[in-house]
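What follows is a set of notes on a single structure, which appears directly below.
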Amino acid sequence: MVNDKKGYSIALYAMMLALIFVAMMLDRLISLALPVSMALLTLTVTFSCCFWRNSWTNGVLACTFFGVASMIKGFIFPEIIPVSINPLVSVLPRAIMGFAAFGTYRLMLKLTQKHKTYGRQVACITVAVLVGLVVNTLLYLSAVNLYKIFLKEEYNGVFATIYLVLFTNIIPEYAVSLLLVPHIVLALRKATHLGTEGKLTPARPDNDKE
C-alpha cells in the first residue's frame, strides 16, 4: 500500500513537471512571433496544478516545478536569461511563491468557511493566484538583479523593470491567469472527483494532510 502511494505520487508529480515544462516550451514558441517573451501558458498551467488539489504538498511542489522547468530552459536557451540556470534565481523564488499562494488560499478558505459555494472557491483561488503572481514578480526580478549585482553586470531596479514590462508582460499574464485558473481548477476537481473543495479522501492513494 505504501509502495502504491509512493509510486502514484511520483507519477503524478512527474506529470505535473512535464506539463509545466511543455507549457513553457509552447510559450517560448509563441514568443518567437512576438517582440516580447510571454509566460501565459506557463503561469496558467502552474497555478492550475497548484490549486487542483487542496494539498500543501501539491501546491508548493507545482510552483517549485515551475522554477525547475525555468532552470532547465535556461540550459537549453542560455541566451534568454542566462542567470536562470542558478536555482537561487529560478527555483527558490517560485518555491516561496508556492507557499505564499497556497497559504493565501487556505487563509481565504478560513475567512469564507460559512459559504460552501462555487463562487467561494473562485474568489479564494483568484485572490491566491494574485498573491502568487505578485510574489513571483517581486522575488524573481529581485533575484535576477541581485545576481547581476554579484556578477557586477548592468541591471535595472526591480520597480523600474516592472514598469518596463507592465503593459507588455505583466498585465496580460496576470489577466489570463486570474480569469482562467479558477475555472480550470474547478473543472479539474470535478473531472477527478475531488469535489468543489478539492479535498483528498482516505480512499485515494495520494492522500496527504490538509
Side-chain angles (χ1 to χ4, degrees), residues 12-52 58-87 89-98 100-101 122 125-126 128-145 147-148 155-156 158-188 191:
L12 179 68
Y13 296 133
M15 180 189 70
M16 286 171 56
L17 175 58
L19 283 173
I20 293 168
F21 182 74
V22 169
M24 193 168 286
M25 291 299 99
L26 289 173
D27 273 330
R28 169 62 179 159
L29 184 62
I30 294 169
S31 295
L32 291 175
L34 300 173
V36 293
S37 179
M38 302 289 285
L40 296 175
L41 294 175
T42 306
L43 290 170
T44 300
V45 171
T46 297
F47 283 116
S48 295
C49 290
C50 175
F51 299 111
W52 164 37
N58 189 91
V60 174
L61 280 181
C63 294
T64 303
F65 290 155
F66 171 28
V68 173
S70 179
M71 184 173 65
I72 295 171
K73 188 181 78 169
F75 284 102
I76 299 174
F77 305 107
E79 73 281 1
I80 302 175
I81 305 180
V83 298
S84 65
I85 63 174
N86 187 320
V89 174
S90 56
V91 180
L92 182 60
R94 276 56 185 268
I96 297 173
M97 175 186 80
V122 170
I125 294 171
T126 300
V129 169
L130 178 59
V131 170
L133 288 166
V134 172
V135 169
N136 176 59
T137 299
L138 293 176
L139 290 186
Y140 177 67
L141 292 180
S142 296
V144 170
N145 283 333
Y147 194 66
K148 286 185 176 181
Y155 70 96
N156 292 317
V158 175
F159 292 102
T161 305
I162 290 174
Y163 178 78
L164 287 173
V165 298
L166 181 63
F167 295 101
T168 56
N169 287 58
I170 293 177
I171 290 179
E173 289 172 355
Y174 278 39
V176 170
S177 295
L178 292 170
L179 289 172
L180 296 184
V181 169
H183 303 289
I184 292 174
V185 168
L186 291 170
L188 282 172

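A distance of 6.5 Å separates OG1 in Thr126 from NE2 in His183, rounded to the nearest 0.5 Å. Between Met38 atom CE and Ile170 atom CD1 the span is 10.5 Å, to the nearest 0.5 Å. Put simply, CE on Met24 and OG on Ser31 are 11.0 Å apart, with the number rounded to the nearest 0.5 Å. For the atom pair CD1 (Ile76) and CZ (Arg28), the distance works out to 10.5 Å, reported to the nearest 0.5 Å. To the nearest 0.5 Å, atom CD1 of residue Ile85 and atom CD1 of residue Ile72 are 13.0 Å apart.
Residues satisfying the side-chain hydrogen bond (donor to acceptor under 3.5 Å, both in side chains) test with Thr42, not counting sequence neighbours, are Asp27. Residues passing the ring pair (Phe, Tyr, Trp, His ring centres under 6.0 Å) test with Phe65, sequence neighbours excluded: none. With sequence neighbours left out, the side-chain hydrogen bond (donor to acceptor under 3.5 Å, both in side chains) criterion links Thr137 to Tyr174.
Smallest separation of non-hydrogen atoms from Phe21 and Lys73: CE1-N, 4.5 Å. Nearest approach of Ser177 to Leu43, heavy atoms of both residues: OG-CB, 3.6 Å. Residues Val45 and Ala23 share a closest heavy-atom pair of CG2-CB, 3.8 Å. Residues Val135 and Ala100 share a closest heavy-atom pair of CG2-CB, 3.8 Å. The heavy-atom pair separating Ala62 from Ile20 by the smallest distance is O-CD1, 3.3 Å. The two residues Asn58 and Cys49 make their nearest non-hydrogen contact at ND2-O, 2.6 Å.
At least one side-chain heavy atom of Leu41 sits under 4.5 Å from a side-chain heavy atom of Ile30. At least one side-chain heavy atom of Thr46 sits under 4.5 Å from a side-chain heavy atom of Cys63. Put simply, the side chain of Phe47 reaches to within 4.5 Å of the side chain of Leu133, judged on heavy atoms. With a 4.5 Å cut-off on side-chain heavy atoms, Arg94 and Thr64 do not count as touching.
Screening Leu186, Ile184, Leu12 for a side-chain contact (heavy atoms from CB on, under 4.5 Å) with Trp52, the sole residue that qualifies is Leu12.
At least one donor-acceptor pair under 3.5 Å links the side chain of Ser90 to the backbone N or O of Asn86.
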